[in-house]
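Each ligand, and each atom within it, is numbered from 1 in the order the structure gives. In this text, all values refer to a predicted model and were calculated from it rather than measured experimentally. For this chain, numbers begin at 1 and follow the sequence in order.
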Amino acid sequence: MRLIILGPPGSGKGVQSKRIAEHFGLVQISTGDSLRQAVATGAELGRQAREYMEKGLLVPDDLMVKLVMDRLDQEDARGGFILDGFPRTISQAEMLDDLLQKKEKTLNAVLELKVDDRVVVDRLSNRRLCSRCGADYNLLTKPPRVDGLCDRCCGRLIQREDDREKTILHRLQVYHRQTEPLEAYYGEKGQLLTFDAERSVEEVSAAIVEAVESGAGG
Ligand code: AMP
């Protein structure tokens, strides 16, 4: 099974793609996570991507295409994947289509998470992550038991550099301008499934599982 998950920052792509990957036995491939890891380890890709990410801009397509091609070539991706954060532009989508065509593979569905901009700003400005284990918290809806510390491992909680309000607004603009056109792109191919992502995590996952199992979008 090959799936894509689309949605603005803060729509829950990360959480939902992990749950869907687990449910269907797929690998979750998050380009944002791969880039953040490359930045953290000081890899060449990270050095090239860092400035764009901190400003809330998209990393250039050539870097992204190479990253995704290499990742999809790895053994574990052959059994099926869910792509989280890629494609983000029409040209990335066309590149993915070409790549899949060469491998004689198709997408089963493109899952689109819909959330109002106001909800995104609220969610992201309150998002905190554990600097040690990556667990995620929300100061309003899922606060840690002890202020500033992870419930699981006592690691220090941090705010993602790009989760500051000014950068969130910028990321939303970039989403509307560059990524939203993918709605029409996949809609015309009959692959798009749209979900109201303002509901609870469990409700959204259940709706996705039901739609994918019923074969919609394929
Ligand atoms: P995310 O964790 O998906 O919100 O991604 C964080 C940041 O990584 C984005 O704001 C971009 O700067 C960069 N990024 C992730 N995926 C892509 C992509 N497919 N194309 C360009 N930039 C990306």
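- Rounding to the nearest 0.5 Å places CD1 of I5 at 9.0 Å from CD of Q28.
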Next item on the list: Begin from the C-alpha positions of S200 and E203 and carry the test side-chain hydrogen bond (donor to acceptor under 3.5 Å, both in side chains) through to its verdict.
Entry: CA-CA 5 Å; S200 72; E203 282 171 316; 3.2 Å; yes
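- At a heavy-atom cutoff of 4.0 Å, ligand 1 is contacted by no atom of E54, backbone or side chain.
- In the model, H176 has a side-chain atom that pairs as donor or acceptor with a side-chain atom of D117 under 3.5 Å.
- At least one N or O atom of G85, backbone or side chain, sits closer than 3.5 Å to an N or O atom of ligand 1.
- For D162, no nitrogen or oxygen atom sits less than 3.5 Å from a nitrogen or oxygen atom of ligand 1, counting backbone and side chain alike.
- A salt bridge (charged side-chain N to carboxylate O under 4.0 Å, His left out) with D136 is found for one member of K142, R128, R127 and no other, namely K142.
- When each atom of ligand 1 is checked for a heavy atom of R171 under 4.0 Å away, the hits are 4 (O).
- The protein atom (non-hydrogen) at minimum distance from atom 6 (C) of ligand 1 is R36 NH1, 3.5 Å.
- Protein heavy atom in closest approach to atom 22 (N) of ligand 1: V59 N, 3.0 Å.
- Under 4.0 angstrom from ligand 1, the non-hydrogen atoms of Q92 all belong to its side chain.
- I90 and L107 end up in the same hydrophobic cluster when Ile, Leu, Val, Met, Phe, Trp and Tyr side chains are linked at under 4.5 Å.
- Polar contact check, T31 against ligand 1: a nitrogen or oxygen pair lies under 3.5 Å apart.
- At a threshold of 4.5 Å between side-chain heavy atoms, the hydrophobic network of Ile, Leu, Val, Met, Phe, Trp and Tyr places L192 and L182 in one connected group.
- Within ligand 1, counting atoms from 1 as listed, the ones closer than 4.0 Å to a heavy atom of R160 are 1 (P), 2 (O), 4 (O), 6 (C).
- The shortest N or O to N or O distance between R88 and ligand 1 is below 3.5 Å.
- Using a 4.0 Å cut-off between heavy atoms, M53 contacts ligand 1 through both its backbone and its side chain.
- Annotation for E202: atom CD counts as buried by contact number, over 12 foreign heavy atoms lying within 6.0 Å.
- The shortest N/O to N/O separation between F86 and ligand 1 does not fall below 3.5 Å.
- Proximity of L57 to ligand 1, defined as any heavy-atom pair under 4.0 Å, is confined to the backbone N, CA, C and O atoms.
- Relative to the six-membered ring of Y185, K189 meets both conditions, a distance below 6.0 Å and an angle of at most 45° to the axis.
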Check: Hey, mind stepping through R164 and Q159 against side-chain hydrogen bond (donor to acceptor under 3.5 Å, both in side chains) and telling me if it holds?
Finding: CA-CA 8 Å; R164 302 188 194 269; Q159 185 173 32; 3.1 Å; yes
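- Of all the heavy atoms of L35, the ones lying under 4.0 Å from any atom of ligand 1 belong exclusively to the side chain.
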